[in-house]
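The residues of the chain are indexed from 1 along the displayed sequence.
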Amino acid sequence: MRADDQDTREFYTQPGVMTSPGEHAALLKDLPDDPAALAAVLHGLVIHEHMVGGYGVTLSEADRGTVHVRRAGDLLAEIAARDPRPLDVARSPQGRLPGNCRHFTVLVAAMLRAHGIPARARCGFGGYFGTGWLEDHWVCEYWHDERQRWQLVDAQIDEVQRGWFPIDFDLTDVPRDQFLVGGEAWRRIRAGTADPAKFGLSQMNEAGDWWIAANLMRDGAALLNLELLPWDCWGAMPTPVDPIDDDLAALFDRLAEVTLAPDDNLAVLRLMYSDDERLRVPATVRNALRGGYEPLWPEEPLWSAEAE
């Protein structure tokens, strides 16, 4: 093992801005260190906001507010405030925290890191939801020490969802052709081997190269331990009406290349996100769902309306 390999994995054992458990660190130490067991714990704590009907749950708009919570520490605080029992005690579906795939991913990454297991969030597209699309999705990538390789774990899919989706593989080792990280999706559409109109969210009937580019930028930030919301926007991230010109395409080509081999390119990725204002994550990002700007750092105001 090269020394820089070890250094890279050490980086992914350290809590980041979004994966720090804060004052709830002790709760994570009491949990198992097995990815499948941790996913099972999360199944009893979090519920996907768009799948609640399958569990007999109805959410109000106020209930859905937690999908905008970014930090693992804040998510754990909300879970504990609702039910102070240990985290491995499953809550009823109605008592679970509304979230989405990104929340499952950030929390399982925080739990794995609490046990010294290298883990990082990956943003991309899942092809195992039975829609014929590659759906916008997040999973966690963790280092399997015995196999000496990174594996993908989908911490969202529980036994209920297994009944909905055509999944015939180990969810702690998701095949790389079933989940495409943002860089792989971008590489395929640039090579003409995939249709950008199938990358997005079928539920919204919205897809395109702009969505792939946006997830590529979010994946790059996540590899630097800054896991933003699926609708956080900044810098060069295109909208559905923005054309991707040659200069921007070249930037995304390079970013795809770097993020497809993150262990070899972590220093390069840091440089790209620090030196290129098109990629640099600012202190305030645009929450596209809320239509306003939100600070990422606690010293900023909690909310500022988008300028007209």
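- Checked by atom type and distance alone, the side chain of Thr66 pairs as donor or acceptor with a backbone atom of Pro98 at under 3.5 Å.
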Met18 and Leu296: CA distance, side-chain angles, deciding distance, side-chain contact (heavy atoms from CB on, under 4.5 Å) verdict: CA-CA 9 Å; Met18 301 302 171; Leu296 298 177; 4.3 Å; yes
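- To the nearest 0.5 angstrom, Lys198 atom NZ is 14.0 Å from Phe125 atom CZ.
- For the atom pair Leu107 CG and Leu112 CG, the distance stands at 11.0 Å (nearest 0.5 Å).
- At a threshold of 4.5 Å between non-hydrogen side-chain atoms, the residues Asn100 and Pro230 count as touching.
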Residue pair Met237, Arg218: steps toward the side-chain contact (heavy atoms from CB on, under 4.5 Å) verdict: CA-CA 9 Å; Met237 197 173 287; Arg218 294 186 187 103; 3.4 Å; yes
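- Distance check, rounded to the nearest 0.5 Å: CG of Leu223 to SG of Cys123 gives 10.0 Å.
- For the pair Cys140 and Met111, the minimum side-chain heavy-atom distance is 4.5 Å or more.
- Residues Ile117 and Phe11 do not share a hydrophobic cluster, clusters being chains of Ile/Leu/Val/Met/Phe/Trp/Tyr side chains in contact below 4.5 Å.
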Evaluation steps, side-chain contact (heavy atoms from CB on, under 4.5 Å), between Leu180 and Arg187: CA-CA 10 Å; Leu180 305 185; Arg187 186 191 67 78; over 6 Å; no
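- Scanning all heavy atoms of the two residues, the minimum distance from Ala114 to Lys29 falls at O-NZ, 2.5 Å.
- Distance CG/Asp247 to CZ/Arg278: 7.0 Å, rounded to 0.5 Å.
- Across every non-hydrogen atom of Phe199 and Ala185, the tightest pair is CE2-CB, 3.6 Å.
- When atom types are taken as modelled, the side chain of His24 and the backbone of Leu27 share no donor-acceptor pair closer than 3.5 angstrom.
- Residues Arg71 and Glu78 are not paired through a salt bridge, judged by the lack of any N-O separation under 4.0 Å between the basic side chain and the carboxylate.
- Val106 is not connected to Ile79 by any chain of hydrophobic side-chain contacts under 4.5 Å among Ile, Leu, Val, Met, Phe, Trp and Tyr, and they are in different clusters.
- No single ILVMFWY cluster, assembled from side-chain heavy atoms under 4.5 Å apart, contains both Leu226 and Leu75.
- At least one donor-acceptor pair closer than 3.5 Å links the side chain of Asp63 to the backbone N or O of Ser60.
- Side-chain atoms of Arg280 do not come within 3.5 Å of backbone N or O of Gly235 as any donor-acceptor pair.
- In this structure, the side chains of Asp154 and Gln178 stay at 4.5 Å or more apart for every pair of heavy atoms.
- Not one N or O on the side chain of Trp133 forms a donor-acceptor pair closer than 3.5 Å with the backbone of Gly130.
- Shortest non-hydrogen contact noted between Val67 and Leu229 is O-CD2, 3.6 Å.
- Put simply, the side chain of Leu228 reaches to within 4.5 Å of the side chain of Trp234, judged on heavy atoms.
- Two residues are said to be in side-chain contact when any heavy atoms from C-beta on lie closer than 4.5 Å; Pro32 and Leu38 meet this criterion.
- The two residues Ala121 and Ala222 come nearest to each other via the heavy atoms O-CB, 3.5 Å.
- A salt bridge (charged side-chain N to carboxylate O under 4.0 Å, His left out) with Glu49 is found for exactly one of Arg96, Arg64, Arg102, namely Arg64.
- Judged purely by atom type and a 3.5 angstrom limit, Asn287 has no side-chain atom pairing as donor or acceptor with the backbone of Gly292.
- Atom CG of Leu224 and atom CG of Leu266 lie 6.5 Å apart (nearest 0.5 Å).
- Nearest heavy-atom pair, Thr259 versus Gly183, reported as atom, atom and distance to 0.1 Å: OG1-CA, 4.0 Å.
- With hydrogens and angles left out, the side-chain atoms of Trp186 and Asp209 include no donor and acceptor closer than 3.5 Å.
- Within the model, atoms NE2 of His137 and CD of Gln156 stand 5.0 Å from one another, a figure rounded to the nearest 0.5 Å.
- Asp246 CG: 12 or fewer foreign heavy atoms inside a 6.0 Å radius.
- Between Leu201 and Trp211, some side-chain heavy-atom pair lies under the 4.5 Å cut-off.
- Between Met272 and Arg254 there is a side-chain heavy-atom pair separated by less than 4.5 Å.
- For the 3.5 Å distance criterion, the side chains of Trp138 and His103 fail to qualify, holding no donor opposite an acceptor.
- Remark: Arg149 engages Gln151, Asp173 in a side chain to side chain donor-acceptor pair (under 3.5 Å) (not counting sequence neighbours).
- There is a path of hydrophobic side-chain contacts, each under 4.5 Å, that joins Val285 to Trp297.
- Other residues sharing a hydrophobic cluster with Leu59 under the 4.5 Å side-chain heavy-atom criterion for ILVMFWY residues are Ile47, Met51, Val52, Tyr55, Val57, Tyr128, Phe129, Val139, Leu152, Ile157, Val160, Trp164, Phe165, Ile167, Phe169, Leu171, Val174, Phe179, Val181, Leu260.
- Side-chain N or O atoms of Ser20 include none that pairs as donor or acceptor with a backbone N or O of Val17 at under 3.5 Å.
- Of all heavy-atom pairs spanning Phe252 and Ala213, the tightest one is CE1-CB, 3.5 Å.
- Side-chain contact check for Phe104 versus Asp158: every heavy-atom pair is 4.5 Å or farther apart.
- Val46 and Val153 end up in the same hydrophobic cluster when Ile, Leu, Val, Met, Phe, Trp and Tyr side chains are linked at under 4.5 Å.
- Each of Leu97, Leu87, Asp88 was compared with Leu45 under the side-chain contact (heavy atoms from CB on, under 4.5 Å) criterion, and only Leu87 meets it.
- The environment of CG in Asp245 is crowded: more than 12 heavy-atom neighbours from other residues, nucleotides or ligands sit within 6.0 Å.
- One N or O on the side chain of Arg91 and one on the backbone of Val89 form a donor-acceptor pair closer than 3.5 Å.
- The closest donor-acceptor contact from the side chain of Asn265 to the backbone of Ala261 lies under 3.5 Å.
- In this structure, the side chain of Arg113 engages the main chain of Gln14 through a donor-acceptor pair within 3.5 Å.
- Residues passing the side chain to side chain donor-acceptor pair (under 3.5 Å) test with Arg188 are Glu184, sequence neighbours excluded.
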Step-by-step salt bridge (charged side-chain N to carboxylate O under 4.0 Å, His left out) determination, Arg120 to Asp263: CA-CA 12 Å; Arg120 57 200 184 195; Asp263 293 344; 2.8 Å; yes
